[in-house]
There are 2 protein chains.
Amino acid sequence: MSLKHALLGFLRRGPQTGYTLKNEYFDKSVAYFWPADQTQIYKTLDKLVDDGLLTSAIQIQSGKPNRKIYSITKNGQTELENWLKEPAEPAPYRDSLLVQLFFSENIEDSQVIEVLQASHAKHEELLAELTSIKLPAIAKCSNKRQLSARLTLEMGLKKEQAYIDWLKEAIAAIKSFERKAKRQS
Amino acid sequence: MSLKHALLGFLRRGPQTGYTLKNEYFDKSVAYFWPADQTQIYKTLDKLVDDGLLTSAIQIQSGKPNRKIYSITKNGQTELENWLKEPAEPAPYRDSLLVQLFFSENIEDSQVIEVLQASHAKHEELLAELTSIKLPAIAKCSNKRQLSARLTLEMGLKKEQAYIDWLKEAIAAIKSFERKAKRQS
DNA sequence: GAGAGCATGTAAGAGGTTACATGATTCC
DNA sequence: GGAATCATGTAACCTCTTACATGCTCTC
């Protein structure tokens with residue numbers, strides 16, 4: 001379970017609340033390769049406390065809701081370190097767009113292309129978002145934290161670029177097949 | 001839910017049993033972009049019957065267990081067609097290897113590299129599997145079913161290749177960072 | 001005699017999503 | 001006056017995985 005370990009990973013850097021973990025940490029960095037929603041983060045934090053990997057303390061605030069601050073325990077740190085060294089299976093890949101394309105034989109070409117183009121637009125947006133993230137280039141990273149952040153971002157860029165390239169190719173292939181079919185009819 | 005629609009998609013081509021759907025159809029084609037295990041396929045087929053999108057009939061066999069043959073209904077066909085035309089959100093991406101890399105700052109380089117190399121080996125295997133699938137090239141496809149199968153396979157190849165390229169880059173970057181750090185100490 | 005293939009199923013649980021609730025403060 | 005921010009939580013649900021069970025036949 002990676003959510004668990006991502007939480008341990010962030011808390012290894014210092015105590016923090018669920019709210020901040022979600023809005024500042026997850027959504028602004030790992031969300032690209034491990035999105036997590038609020039409910040699940042809170043639930044998992046509770047579980048980690050139950051398991052003795054975290055402790056929590058309440059910080060009273062006036063005017064604002066109280067905060068619940070989580071800290072990693074010794075056990076939490078060993079658990080994290082062990083997990084980080086474990087070779088894992090490749091991530092299962094699930095992409096409904098490919099399912100749609102795979103079974104599209106009875107759908108009109110124009111409609112298939114519309115679906116692909118909608119996806120193209122969304123992936124361009126994603127790519128733009130990732131491109132706007134400013135991190136030092138690989139060769140300019142001055143510590144390991146920076147380097148690994150850069151490398152994961154690099155994967156994001158590569159993946160989106162490959163996806164977009166493929167979408168263009170697919171759209172072109174369908175159009176060209178359509179033209180070929182028309183000539184023959 | 002794509003599993004549901006993948007099942008409808010296959011059954012749209014003709015009646016079939018859960019067993020065959022799993023072993024011949026899923027595992028040999030869509031598994032790459034929509035893996036599904038046996039239990040879930042059976043459960044989903046049941047649900048589709050409940051919802052009136054499929055019907056089932058039992059075929060008695062001697063010597064072998066009886067088979068339950070599912071057929072798509074009119075409602076099932078419309079449901080499938082509508083779904084195929086619906087633009088969808090980009091697939092959420094979850095990759096625990098990136099989580100591991102992202103939080104690896106306190107792990108020794110050699111161990112991080114081991115994890116990456118293990119992943120590299122697995123992805124080479126995956127790529128080899130996909131490469132062994134024989135399908136006509138894009139320009140040689142003679143019908144839409146072939147073309148869409150080819151295009152989804154093309155995505156698989158592209159994705160695995162990009163992943164492998166990235167892994168090599170990441171490994172090289174970590175090694176080079178390590179050398180730089182040593183020179184400075 | 002062991003194991004693979006055929007074929008369907010139950011039960012339990014992990015992981016993730018959706019919808020909703022609370023209540024003060026700050027900003028337009 | 002309405003929306004956004006801060007901050008935590010409950011309940012119900014969907015999807016997917018793991019472990020296990022049955023029982024006959026065919027092949028090595």
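Small disclaimer: the values here were computed from a predicted structure and weren't measured.
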Any side-chain donor paired with an acceptor under 3.5 Å for A:N82 and A:E86?
-> no
May I ask you to check whether B:E79 and B:H5 show a side-chain donor-acceptor distance below 3.5 Å?
->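 Yes, side-chain donor-acceptor contact under 3.5 Å.
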Please pick, from [options], the nucleotide with the shortest atom-to-atom distance to any side-chain atom of [X].
X	options	answer
A:K64	D:dA7, C:dT17, D:dT15	D:dA7
B:L3	C:dG15, D:dA7, D:dC16	D:dC16
A:Q38	C:dG16, D:dT8, D:dC6	D:dT8
B:R94	D:dT8, C:dT17, D:dT17	C:dT17
A:Y19	D:dT15, C:dG16, D:dT8	D:dT8
A:M1	C:dG9, C:dG16, C:dT18	C:dG16
A:P65	D:dC16, D:dA19, D:dC6	D:dC6

Whole-Å gap separating [atom2] ([N]) and [atom1] ([X]):
X	N	atom1	atom2	answer
B:Y42	D:dA21	OH	C1'	14 Å
B:L21	C:dT8	CG	C1'	13 Å
A:Q59	D:dC6	CD	C1'	13 Å
A:D37	D:dC14	CG	C1'	13 Å
A:I58	D:dT8	CD1	P	9 Å
A:E24	D:dT5	CD	C1'	11 Å
B:R67	C:dA7	CZ	P	5 Å
A:Q40	C:dA14	CD	C1'	10 Å

Kindly indicate, with the supporting measurements, whether the criterion salt bridge (charged side-chain N to carboxylate O under 4.0 Å, His left out) is fulfilled by B:R150 and B:E154.
-> CA-CA 6 Å; B:R150 175 82 234 179; B:E154 215 57 45; 3.0 Å; yes
Closest contact, heavy atoms only, A:P35 versus B:Y93 =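 Minimum heavy-atom separation between A:P35 and B:Y93: CD-O, 3.3 Å.
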Donor-acceptor pair under 3.5 Å, B:T44 side chain vs D:dT15 base |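 Between D:dT15 and B:T44, which were checked side chain against base, a qualifying N/O pair under 3.5 Å is absent.
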For the side chain of B:T17 and the base of C:dT8, is some donor closer than 3.5 Å to an acceptor across the two?
->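 Under the 3.5 Å cut-off, the side chain and the base do not form any donor-acceptor pair.
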OP1, OP2 of D:dC16 versus side-chain N and O of B:W34: anything below 4.0 Å?
-> yes
Can a side chain N or O of A:K68 be found less than 4.0 Å away from OP1 or OP2 on D:dG9?
-> yes
Upstream residue (5' side of DNA chain C) when B:T39 and A:K47 are each assigned their closest nucleotide |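 The residue mapped nearer the 5' terminus is B:T39.
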A:N23 near the nucleic acid: base, sugar-phosphate alone, or nothing, with a heavy-atom cut-off under 4.0 Å?
-> nothing
When we call it a touch if two heavy atoms are under 4.0 Å apart, what does B:Q61 touch: a base, just sugar-phosphate, or nothing?
->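 B:Q61: backbone/sugar contact only, no base atoms under 4.0 Å.
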Residue mapping more 5' on DNA chain D - nearest nucleotide basis, B:K43 or A:D46 =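 Final value for this comparison: A:D46.
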Measure the acute angle between the ring planes of B:Y163 and B:H123, then classify it against the limits of 30° and 60° as parallel, tilted or perpendicular.
-> parallel
Judged by atom type as modelled, is there a donor-acceptor pair below 3.5 Å linking the side chain of B:K144 to the main-chain atoms of A:I107?
->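 Checked: pair present.
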